[in-house]
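Every number for a ligand or one of its atoms is a count from 1 in the order of the listing. These numbers come from a predicted model, not from an experiment.
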Amino acid sequence: MQLQVLNSPFNQEQAELLNRILPTLTESQKVWLSGFLAAAQFSSVTGEGNGQVAELSSANTAPTISKDVTILFGSQTGNAQGLAKKAAKKLEADGFQVTVLAMSDFKPNNLKKVENLLIVASTHGEGTPPDNALSFHEFLHGKRAPKLDHLRFSILALGDSSYEFFCQTGKDFDKRLEELGGLRLYPRFDCDLDYDEPAAEWLAGVLSNLKEGDGGSKVPLQEQVTQIVESTYSRSNPFRAEVLENINLNGRGSNKETHHLELSLEGSGLTFEPGDSLGIYPENDHALVTLLLEEMNWDPEQLVTVNKKGESLPLKDALISHFEITTLTKPLIEKAARLSANQNLQELLSPGNEEKLKTYIDGRDLLDLSRDFTPWIGSAQEFVDILRKMPSRLYSISSSLAANPDEVHLTIGAVRYEAHGRERKGVCSIQAAERLQPGDTVPVYIQHNDNFKLPMNPDAPIIMVGPGTGTAPFRSFMQEREEIGAEGKSWFFFGDQHFVTDFLYQTEWQKWLQNGVLTKMDVAFSRDMAEKVYVQHRMLEHSKELYEWLEEGAHLYICGDEKNMAHDVHNTLIEIIEKEGSLSREKAVEYLAEMQQQKRYQRDVY
Ligand SMILES: Cc1cc2nc3c(=O)[nH]c(=O)nc-3n(C[C@H](O)[C@H](O)[C@H](O)COP(=O)(O)OP(=O)(O)OC[C@H]3O[C@@H](n4cnc5c(N)ncnc54)[C@H](O)[C@@H]3O)c2cc1C
Ligand SMILES: NC(=O)c1ccc[n+]([C@@H]2O[C@H](COP(=O)([O-])OP(=O)(O)OC[C@H]3O[C@@H](n4cnc5c(N)ncnc54)[C@H](OP(=O)(O)O)[C@@H]3O)[C@@H](O)[C@H]2O)c1
Ligand SMILES: Cc1cc2nc3c(=O)[nH]c(=O)nc-3n(C[C@H](O)[C@H](O)[C@H](O)COP(=O)(O)O)c2cc1C
């Protein structure tokens, strides 16, 4: 290969000199030179060497690439964690010494000692880091962040392109590490919900760059990519679980519809612990698919290719089970614009119209797009090619395997709303509410979640805050504690709209209260009285006792709505700690952060 100094930090004269001398060098001269420069840089940084570097023999001068790699993950629901662990296995198999840790378990000051850093981080909230990445993120962006000139890093960012701040946390880390002097070992990859392939590609790239100067990779890139794709039942190879039971838990006249779904895991070998979730790959509403086919004048039986392996299916089946058609994203609209001759669509994408585009996307789906921007000039296959793969939906598991072997139970709230003059239905929750019958099967996988687990010590007290469907994992907790005969105290805060129709699993909770598996329960039915009462109001009413439980080492869990409830409960907790612990607000925030660090404050929110 002809070496050429092009876009370099050298001035023109230096670059010309280098370009003249480089082609004349033998291989061993090049190795000597690179070792000489690396060693000279090392001595200038550490003050070692005493000017002896020029005398080092060429055998010793090849740059030493550290085989130590630190992988830090920030993960709320386990995706980034799973990928970080897979990456660690792969690197270890290739001879690297790997430390893999949640960001919350890593002492940020140790960054100074890390040479190769890989970060796998998802984004939550409205572009905010997951809980276990918060303190590391804050540290890096604060004044105490160290200079990281010695660091080589690469970021794998997980997100969902339907969110405004796509992969924001990964982007933040990438930018900040560079600002602190780190050298990007491999470019950041921003992954959408279908992250397996890009994640594997990122890892293969990282690996081959890590190996540079280390004899090089002997494994072709494509082989490395395929090696880390899983083979047993998993997210990428789901198990078809049979529906055993499907019951609406809400009484007649309720505004809500919450389905208790029981699925069989028999023969799958799948196992889970309380706190884990189940992923379901749902099907689109058949009626919506029919409307879309009619609107686009497409033949439902026409065969289309649905994946890179070249598998094909009739268009109608492909739209029902393979692709997302209910969410619009900016990248999708940009690609769709190439298949439309409608000027308004080009206009919507032009600079300055970002707000207009956001407003358009909000609450609209592919059927809206197909109606709004005719004429379409792309083929059905071209359309299919731009769609995102159907993303799975996660559900907090509401049963314990010890109590219900070979089964998994879910508590699914039906999502229905109106937008832009049309009834909209949540894909998965409405499949569960309207179509899934005992005997049907659905593709599922287990999403382990180390960030939402019962205390190791069964005697430790637990406080559970779970309004609405947030009750799900706590049913699992209670079943498990009953099964193992745990002695620890437990306290449940539940809330929903009406006592009569919406007290989910009422009789089970009452049974656990009676038999002592549950020590205390406080309920907040928000629409039974003139004034709204929420779980956090009940917590405030019992603030003294709640604080005493915390002081005794209780673990506190929140599950359910992320947007409002989880924030309000979090703030209420700070208020309680501040008041009952006679602490400043700052100290109360620290108290809760410390609980989080000790894994005594965990959230499963969505
Ligand atoms: C870790 C985790 C655990 C979860 N556990 C549970 C659980 O135990 N039970 C449960 O019911 N859900 C749970 N969820 C939520 C669940 O994964 C799905 O998001 C939910 O069921 C909706 O999926 P869907 O396919 O029915 O709706 P989708 O087709 O995905 O539609 C939902 C989307 O519709 C839009 N939308 C919803 N309401 C409105 C509105 N009023 N106006 C405008 N737009 C709106 C929003 O963009 C929303 O994201 C959990 C989520 C996570 C991440
Ligand atoms: N990301 C997603 O795709 C997705 C999908 C489905 C559901 N969700 C969220 O998940 C939540 C769960 O739905 P759900 O039907 O189980 O229950 P929910 O809507 O959260 O309602 C449960 C109870 O919580 C109350 N509540 C409302 N705001 C609250 C607040 N700020 N603090 C404390 N309590 C509050 C409700 O009262 P009122 O109703 O009387 O106000 C109700 O009594 C939904 O709120 C929704 O936001 C998200
Ligand atoms: C409540 C919630 C909020 C989210 N917010 C964002 C967001 O702002 N930006 C984004 O790119 N992805 C967002 N996501 C998508 C997640 O980053 C994505 O699902 C990711 O794969 C989760 O990885 P984890 O399991 O490691 O946390 C959000 C997901 C949830 C459940």
Side-chain angles (χ1 to χ4, degrees), residues 73-84 120-128 130-133 157-171 190-193 195 250 255-259 276-280 282 284-285 324 326-327 362-363 365 391-398 410-419 424-433 447 449 451-452 465-473 493-498 502 504 524-528 532-537 559-569 572 604-606:
F73 59 83
S75 181
Q76 193 75 36
T77 53
N79 293 339
Q81 178 168 359
L83 287 174
V120 187
S122 64
T123 299
H124 279 263
E126 304 280 338
T128 49
D131 285 348
N132 64 2
L158 297 195
D160 175 344
S161 62
S162 66
Y163 281 91
E164 181 180 357
F165 301 105
F166 177 50
C167 287
Q168 190 58 48
T169 302
K171 289 176 183 169
D190 294 338
C191 304
D192 212 338
L193 293 175
Y195 56 71
N250 298 97
N255 300 322
K256 314 282 286 277
E257 190 179 340
T258 315
H259 280 252
D276 290 340
S277 298
L278 190 83
I280 299 187
N284 283 311
D285 182 7
E324 181 180 68
T326 50
T327 304
D362 193 22
D365 63 10
S392 59
R393 269 63 171 178
L394 290 179
Y395 293 94
S396 316
I397 292 173
S398 56
L410 305 176
T411 312
I412 304 185
V415 174
R416 290 191 176 88
Y417 56 97
E418 217 212 79
R424 315 274 163 162
K425 296 175 173 185
V427 178
C428 192
S429 62
I430 298 307
Q431 183 184 1
Q447 178 87 359
N449 184 359
N451 304 320
F452 204 79
V465 184
T469 52
T471 191
F493 289 91
F494 175 72
D496 216 321
Q497 293 185 357
H498 299 288
D502 307 323
L504 308 180
F525 290 99
S526 55
R527 302 193 190 185
D528 277 347
K532 288 253 176 182
V533 194
Y534 289 156
V535 280
Q536 61 270 31
H537 300 129
C559 181
D561 170 48
E562 196 262 347
K563 280 201 179 65
N564 302 305
M565 183 277 293
H567 289 275
D568 293 350
V569 171
T572 302
D604 177 23
V605 293
Y606 41 90

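Gln168 places no side-chain N or O within 3.5 Å of a backbone atom of Thr128 that could act as its donor or acceptor partner. Judged by distance alone, with hydrogens and angles left aside, the side-chain atoms of Lys256 form no donor-acceptor pair with the main-chain N or O of His498 at under 3.5 Å. Under the 3.5 Å distance criterion, the side-chain polar atoms of Ser429 are matched with a main-chain donor or acceptor of Val415. Formation of a donor-acceptor pair under 3.5 Å by the Arg393 side chain with backbone atoms of Cys428 is not found in this model. Panel note: side chain Asn132, backbone Ser75; a donor-acceptor pair is recorded below 3.5 Å.
Within the listing of ligand 1, atoms 1 (C) sit less than 4.0 angstrom from a heavy atom of Asp604. Shown in contact with Val427 at under 4.0 Å from a heavy atom are these atoms of ligand 1, numbered in order with element: 24 (P), 25 (O), 26 (O), 27 (O), 28 (P), 29 (O). Taking every heavy atom of Tyr395 and a limit of under 4.0 angstrom, the matching atoms of ligand 1 come to 4 (C), 5 (N), 6 (C), 7 (C), 9 (N), 10 (C), 11 (O), 12 (N), 13 (C), 16 (C), 18 (C), 20 (C), 21 (O), 23 (O). Every atom of ligand 3 with a heavy atom of Leu193 under 4.0 Å away is listed here by number and element: 19 (O). If you number the atoms of ligand 1 from 1 as listed, the ones under 4.0 Å from a heavy atom of Gly426 come out as 24 (P), 25 (O), 26 (O), 27 (O), 28 (P), 29 (O). If you number the atoms of ligand 1 from 1 as listed, the ones under 4.0 Å from a heavy atom of Thr77 come out as 1 (C). Under a 4.0 Å criterion applied to the non-hydrogen atoms of Phe166, ligand 3 contributes the atoms 11 (O). Numbered from 1 in the order shown, with element, the atoms of ligand 3 that lie under 4.0 Å from a heavy atom of Gly127 read 7 (C), 8 (O). Short contacts between ligand 3 and Ser75, defined as distances under 4.0 Å to a heavy atom of the residue, involve ligand atoms 24 (P), 25 (O), 26 (O), 27 (O). Less than 4.0 angstrom separates some heavy atom of Ala80 from each of these atoms of ligand 3: 24 (P), 26 (O). Atoms of ligand 3 found under 4.0 Å from any heavy atom of Glu126, numbered from 1 in the order shown, are 8 (O). Atoms of ligand 3 lying under 4.0 Å from at least one heavy atom of Phe165, given by number and element, are 7 (C), 8 (O), 9 (N), 10 (C), 11 (O). Residue Gln76 approaches ligand 3 through these ligand atoms, each under 4.0 Å from one of its heavy atoms: 24 (P), 26 (O), 27 (O).
Every N/O-N/O distance between Ala472 and ligand 1 stays at or above 3.5 Å. Remark: ligand 3 and Asp160 share an N or O pair separated by less than 3.5 Å (distance only, no angle test). The shortest N or O to N or O distance between Asp561 and ligand 2 is below 3.5 Å. Remark: ligand 1 and Ser429 share an N or O pair separated by less than 3.5 Å (distance only, no angle test). Considering backbone and side-chain atoms alike, Thr123 places an N or O below 3.5 Å from some N or O of ligand 3.
Among protein heavy atoms, atom 19 (O) of ligand 1 sits closest to Arg393 CG, 4.4 Å. What sits closest to atom 32 (C) of ligand 1 on the protein, heavy atoms only, is Val415 CG1, 4.4 Å. Protein heavy atom closest to atom 11 (O) of ligand 1, with residue, atom name and distance, is Gly413 N, 2.8 Å. Among protein heavy atoms, the minimum distance from atom 15 (C) of ligand 1 is reached at Tyr606 CD1, 3.7 Å. Nearest protein neighbour of atom 10 (O) of ligand 2, counting heavy atoms only, is Tyr606 CE1, 3.7 Å. Regarding atom 37 (O) of ligand 2, its nearest protein heavy-atom neighbour is Ser526 OG, 3.0 Å. Closest protein heavy atom to atom 8 (O) of ligand 1: Ser396 N, 3.3 Å. For atom 33 (C) of ligand 2, the closest non-hydrogen atom of the protein is Gln536 OE1, 3.1 Å. Asp568 OD2, 2.8 Å is the protein heavy atom nearest to atom 31 (N) of ligand 2.
Contacts between Thr258 and ligand 1, counted as non-hydrogen atom pairs separated by less than 4.0 Å, are absent for every part of the residue. The proximity of His567 to ligand 2, defined as any non-hydrogen pair under 4.0 Å, does not occur for either the backbone or the side chain. With a 4.0 Å cut-off on non-hydrogen atoms, Val415 touches ligand 2 through its side chain and not its backbone.
In the candidate list Met565, Lys532, Lys256, Lys256 is nearest to atom 18 (P) of ligand 2, counting heavy atoms. Between Leu394, Leu278, Thr327, Asp285, it is Leu394 that holds the heavy atom closest to atom 14 (N) of ligand 1. Summarising the contacts of atom 9 (N) of ligand 1 with Thr411, Ile412, Asp362, the nearest heavy atom is found in Thr411. Remark: among candidates Tyr417, Tyr163, Phe452, the nearest residue to atom 33 (C) of ligand 1 is Tyr417, based on non-hydrogen atoms. Nearest residue to atom 23 (C) of ligand 2 from Asn564, Asp496, Val465 is Asp496 (criterion: closest heavy atom).
Ser161 and Asp192 share a donor-acceptor pair across their side chains, judged by distance under 3.5 Å alone. Tyr195 and Asn79 share a donor-acceptor pair across their side chains, judged by distance under 3.5 Å alone.
Proximity of atom 4 (C) of ligand 1 to the protein is indicated by at least one non-hydrogen atom lying closer than 4.0 angstrom. Less than 4.0 angstrom separates atom 48 (C) of ligand 1 from none of the non-hydrogen atoms of the protein. Within a 4.0 Å radius of atom 15 (O) of ligand 2, the protein contributes one or more non-hydrogen atoms. When distances from atom 7 (C) of ligand 2 to the protein are checked, no heavy atom turns up under 4.0 Å. Protein heavy atoms are found inside the 4.0 Å sphere centred on atom 26 (O) of ligand 1. Atom 29 (C) of ligand 2 lies below 4.0 Å from at least one non-hydrogen atom of the protein. For atom 2 (C) of ligand 2, no protein non-hydrogen atom is found at a distance below 4.0 Å.
Under the 4.0 angstrom criterion for non-hydrogen atoms, His124 is in contact with ligand 3. The shortest separation from a heavy atom of Pro130 to ligand 3 is not under 4.0 Å, leaving the residue out of contact.
Taken to the nearest 0.5 Å, the CD atom of Gln447 stands 13.0 Å off from the CD1 atom of Ile280.
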Would Thr258 and Asn250 count as a side-chain hydrogen bond (donor to acceptor under 3.5 Å, both in side chains) here? Give the steps. CA-CA 6 Å; Thr258 315; Asn250 298 97; 2.8 Å; yes

Decide side-chain hydrogen bond (donor to acceptor under 3.5 Å, both in side chains) for Ser162 and Thr327; before the verdict, give the C-alpha distance in whole Å, the side-chain angles of both, and the deciding distance to 0.1 Å. CA-CA 7 Å; Ser162 66; Thr327 304; 5.6 Å; no

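Annotation: side chain of Asn451 is in contact with side chain of Gln81 (closest heavy-atom distance under 4.5 Å). Side-chain contact check for Tyr534 versus Asp568: every heavy-atom pair is 4.5 Å or farther apart. Under the 4.5 Å side-chain criterion, counting only non-hydrogen atoms from C-beta, Arg416 is in contact with Glu257. With a 4.5 Å cut-off on side-chain heavy atoms, Ile430 and Asp285 do not count as touching.
Ion pair Arg527/Asp502 not flagged as a salt bridge, since none of the NZ, NE, NH1 or NH2 atoms sits closer than 4.0 Å to an Asp/Glu carboxylate oxygen.
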